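Below is one structure; the comments refer to it alone.
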There are 2 protein chains.
Amino acid sequence: MRERRLILVVDDEPQIQRFLGHALVAAGYDTCLAATGIEALAQVAAQEPDLMILDLGLPDMNGKEVIERLRLRSDLPVIVLSAHDQEMEKIMALDLGADDFVAKPFGIGELLARLRASLRPRRAARAEQIRQGGLVIDLAAHQVSRDGEPLRLTPKEFDLLAALAGNAGRVMTHHRLLQLVWGPAHVDDVPYLRVFIGQLRQKLERDPARPELILTEPGIGYRWAPAAEGGQPP
Amino acid sequence: MRERRLILVVDDEPQIQRFLGHALVAAGYDTCLAATGIEALAQVAAQEPDLMILDLGLPDMNGKEVIERLRLRSDLPVIVLSAHDQEMEKIMALDLGADDFVAKPFGIGELLARLRASLRPRRAARAEQIRQGGLVIDLAAHQVSRDGEPLRLTPKEFDLLAALAGNAGRVMTHHRLLQLVWGPAHVDDVPYLRVFIGQLRQKLERDPARPELILTEPGIGYRWAPAAEGGQPP
DNA sequence: CATGGTCTTTACGATTTCCTTACATCCTTT
DNA sequence: AAAGGATGTAAGGAAATCGTAAAGACCATG
């Protein structure tokens with residue numbers, strides 16, 4: 001494994017590139033640079049960095065597209081830099097799987113803090129097996145079993161389950177789930193989600209009418225219940 | 001980084017300039033001065049102060065314009081000084097992004113307190129967790145919990161909370177909150193706010209009748225209580 | 001070509017959230 | 001002390017969202 005973490009800085013302003021480059025090196029990281037979206041994706045493939053700092057508002061494609069195409073092949077953490085007037089872009093970027101964002105103008109201290117936070121937990125969350133009650137989900141082997149007995153899940157069902165259980169405890173928005181399972185073209189087809197969530201509950205939950213594993217966050221999305229949690233609201 | 005914080009005082013009355021200058025220096029700040037709006041903007045560019053104290057009623061432009069033009073290039077905290085007959089200006093200034101206000105005549109103690117609150121490192125926004133007492137707000141994960149127990153918030157409730165807590169310490173006017181949560185079409189539907197503020201307090205506050213987190217600024221808006229600050233006015 | 005499985009799409013009742021209004025309470029002003 | 005304005009609560013109906021079932025489309029396989 002590499003000794004120092006490699007940070008890919010994607011920005012078209014040489015001034016900011018230089019500034020970030022110095023600051024990151026001073027903080028003990030290695031850096032590589034890209035000035036366009038195309039370049040950025042090429043650098044990801046070539047250098048396999050540990051994190052990307054992405055400025056929205058590149059000359060060749062918008063940040064949304066960069067993340068979209070990046071997410072097809074990698075789960076590299078992304079921190080988005082955005083100007084004040086880019087609220088919409090920012091929210092889109094987060095929806096598509098950016099990990100965090102920092103508004104310009106930013107303090108270097110703040111950026112480094114976000115960077116440390118994004119680099120940390122990612123490694124731990126990539127376990128191969130997820131256990132929950134009598135449930136065992138083997139992401140690598142594409143298998144799920146309950147109380148030792150294997151369950152039959154269709155590919156889409158499994159992808160959806162993986163997206164949920166792989167982010168246990170976090171609320172996954174409709175957009176994010178649709179993006180992960182159905183791809184960028186169907187981020188608005190919320191009915192798909194309803195149907196497949198229903199099917200998953202039918203197969204996984206002890207009482208599909210009162211789910212304990214896949215919880216609904218009305219108006220937002222769904223959430224995989226965090227590990228040990230007992231008790232129901234009155 | 002600079003050792004002492006630099007405060008820019010914008011006022012056309014030499015008497016007040018002198019008074020504030022002495023008081024601020026005595027309190028351990030550096031100061032610089034401006035007597036007009038133009039001068040103020042020039043000083044911001046030249047000196048890069050840490051905070052601006054802005055008297056409404058300048059000779060060359062009104063406070064609204066100063067903040068409007070300032071906000072194009074900076075998110076410098078601004079505290080507004082206003083007389084009784086400048087209510088409209090004051091609210092406009094807050095609408096445009098001023099952080100706080102102090103009514104003339106003011107006590108220096110009060111001004112210094114507001115100043116400390118506005119200088120406190122502003123958690124530049126969303127995406128990271130906000131902690132307050134037993135409360136944890138995870139804006140990215142769309143989750144709120146108190147004393148470890150997750151709270152159920154509806155989407156609108158969450159948006160409103162995000163708008164408030166993401167601007168901790170600032171006075172958020174009715175207009176600004178309505179604009180952020182309900183959109184430009186409902187900036188005058190203050191009753192929405194009352195209802196949802198009430199619901200949030202019901203869920204978040206330890207004693208909803210005597211709120212400690214969401215404070216009312218009568219006639220103006222609401223404010224998320226700044227981090228550590230003990231004691232309430234009688 | 002038929003078959004079985006999976007995915008997409010639609011429809012409808014149930015649930016949750018949102019909007020709206022009315023009224024009691026508090027604070028400031030005259 | 002009374003009046004006016006602003007705020008806080010409660011409650012009902014409107015609107016949006018959710019869960020479920022079911023029918024047709026698509027695809028690989030035999």
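This one's a predicted model, so the numbers in the text were calculated from it and none came from an experiment. Here is how names work: the chains are called A, B, and so on, in the same order as the sequence lines, proteins then strands, and each is numbered from 1.
Look at Glu149(A) and Arg146(A) and you find no salt bridge, because none of the NZ, NE, NH1 or NH2 atoms lies under 4.0 Å from a carboxylate O.
In this entry the distance linking CD of Gln199(B) with P of dA10(D) reads 11 Å, nearest Å. For the pair Glu157(A) CD and dC7(C) C1', the computed distance is 10 Å after rounding to whole Å. Atom OH of Tyr192(B) and atom C1' of dA10(D) are 18 Å apart (whole Å). In this structure, the CG atom of Leu160(A) is 12 Å from the P atom of dT8(C), given to the nearest Å. Atom CZ of Phe196(A) is separated from atom C1' of dA22(D) by 14 Å (rounded to the nearest Å). Distance Lys203(B) NZ to dT9(D) C1': 15 Å, rounded to the nearest Å. Rounded to whole angstrom, the span from the CG atom of Leu193(A) across to the P atom of dT20(D) amounts to 14 Å. Atom CG in Asp188(B) sits about 13 Å away from atom P in dT20(C), given to the nearest Å.
In this structure, Val195(B) reaches the bases: a heavy-atom distance under 4.0 Å links it to at least one base atom across the strands shown. Nucleic acid contact class of His174(A) (heavy atoms, under 4.0 Å, all strands): sugar-phosphate only.
Contact between the side-chain N/O atoms of Arg152(B) and the OP1/OP2 oxygens of dT16(C) is not found at any separation under 4.0 Å. Contact annotation: Tyr222(B) side-chain N/O to dG8(D) OP1/OP2 distance is under 4.0 Å. Remark: Thr154(B) is not in phosphate contact with dT16(C), judged by side-chain N or O atoms under 4.0 Å from OP1 or OP2. Applying the 4.0 Å criterion to OP1 and OP2 of dC18(C), one finds that Trp182(B) has every side-chain N and O outside that range.
Counted by atom type alone, Thr173(B) and Asp95(B) present one or more donor-acceptor pairs between their side chains at under 3.5 Å. Under the 3.5 Å distance criterion, with hydrogens and angles disregarded, no donor-acceptor pair is assigned to the side chains of Arg194(B) and Thr216(B).
Summary of the strand contacts: Ala209(A) and Arg194(B) both lie near DNA chain D, and taking for each the nucleotide with the nearest heavy atom, the more 5' one is attributed to Arg194(B).
For the pair Val181(A) and Tyr192(A), the minimum side-chain heavy-atom distance is 4.5 Å or more.
Shown are Val144(B), Val195(B), Leu151(B), Leu160(B); of these, the side-chain contact (heavy atoms from CB on, under 4.5 Å) with Leu200(B) is made only by Leu160(B).
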